[in-house]
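First the structure, in the form of structure tokens, and then the observations on it.
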Amino acid sequence: MEKQSTNDMTKKGAGGYSNITIKKETATRFRSYSKRFNKSHSEVLDGMIQYFKENNLDPFREGTKIILDSIKKLEVKMMKKFDRLIAIIKNMEKTSIRPT
């Protein structure tokens, strides 16, 4: 068997690999997280960084607070719309719908 040249190995990735030193517990958590998506570690990490950039989130400050606030605002809007629909249906029952 022939050994693969270093050029063949770098063709897999987009420019080779680099090492990052992290705690064992963090590495274990990240590996199990990557397995959930059935993606490589590079793809998962790249997706996470892209998500934070696109949504203008800072995971160390108010990132989660911004998301929770926007979810609460959407919930309030939806509840108002449901209330309007219920009011319309009740009004229809009183004025225009007659039992046969």
Side-chain angles (χ1 to χ4, degrees):
M1 290 183 88
E2 294 180 16
K3 290 184 180 179
Q4 288 184 347
S5 68
T6 54
N7 286 340
D8 291 338
M9 294 175 119
T10 56
K11 286 181 184 176
K12 273 186 173 179
Y17 295 95
S18 176
N19 294 334
I20 299 175
T21 305
I22 56 175
K23 293 181 182 178
K24 283 186 178 183
E25 298 86 23
T26 306
T28 304
R29 287 176 52 209
F30 186 72
R31 283 185 189 109
S32 64
Y33 189 73
S34 295
K35 284 181 183 179
R36 285 178 42 193
F37 299 106
N38 199 22
K39 301 280 184 185
S40 71
H41 300 312
S42 297
E43 289 173 318
V44 172
L45 186 59
D46 193 37
M48 292 166 70
I49 292 169
Q50 183 177 354
Y51 177 80
F52 286 130
K53 278 186 176 182
E54 284 178 4
N55 294 300
N56 225 11
L57 297 176
D58 182 1
F60 303 107
R61 292 200 181 114
E62 296 183 0
T64 55
K65 185 181 178 200
I66 293 169
I67 292 173
L68 291 175
D69 288 344
S70 64
I71 290 172
K72 287 179 184 177
K73 287 178 186 177
L74 286 172
E75 184 181 8
V76 168
K77 283 182 182 179
M78 288 184 64
M79 292 308 293
K80 286 181 181 179
K81 289 183 180 187
F82 285 139
D83 290 341
R84 287 185 200 139
L85 284 172
I86 291 170
I88 290 170
I89 292 170
K90 284 183 179 180
N91 187 21
M92 287 173 62
E93 287 176 347
K94 286 180 186 176
T95 58
S96 59
I97 300 176
R98 299 182 185 219
T100 55

[X] side, atom [atom1]; [Y] side, atom [atom2] - distance, nearest 0.5 Å:
{"X": "R31", "Y": "T26", "atom1": "CZ", "atom2": "OG1", "value": "10.5 Å"}
{"X": "L45", "Y": "I49", "atom1": "CG", "atom2": "CD1", "value": "4.0 Å"}
{"X": "L68", "Y": "E75", "atom1": "CG", "atom2": "CD", "value": "11.0 Å"}
{"X": "Y33", "Y": "M48", "atom1": "OH", "atom2": "CE", "value": "5.5 Å"}
{"X": "D46", "Y": "Q50", "atom1": "CG", "atom2": "CD", "value": "6.5 Å"}
{"X": "I71", "Y": "K73", "atom1": "CD1", "atom2": "NZ", "value": "12.0 Å"}

- Kindly check if the number of other-residue, nucleotide or ligand heavy atoms within 6.0 Å of CG (D83) is above 12? yes

- Please say whether more than 12 non-hydrogen atoms of neighbouring residues, nucleotides or ligands are located less than 6.0 Å from CD1 in I22. yes

- Item | Hydrophobic cluster identity match, I89 and F82, side-chain contacts under 4.5 Å | no

- Query: S34 pairs by side-chain contact (heavy atoms from CB on, under 4.5 Å) with which of R29, K39, H41?
  - Reply: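 Answer after filtering R29, K39, H41: H41.
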
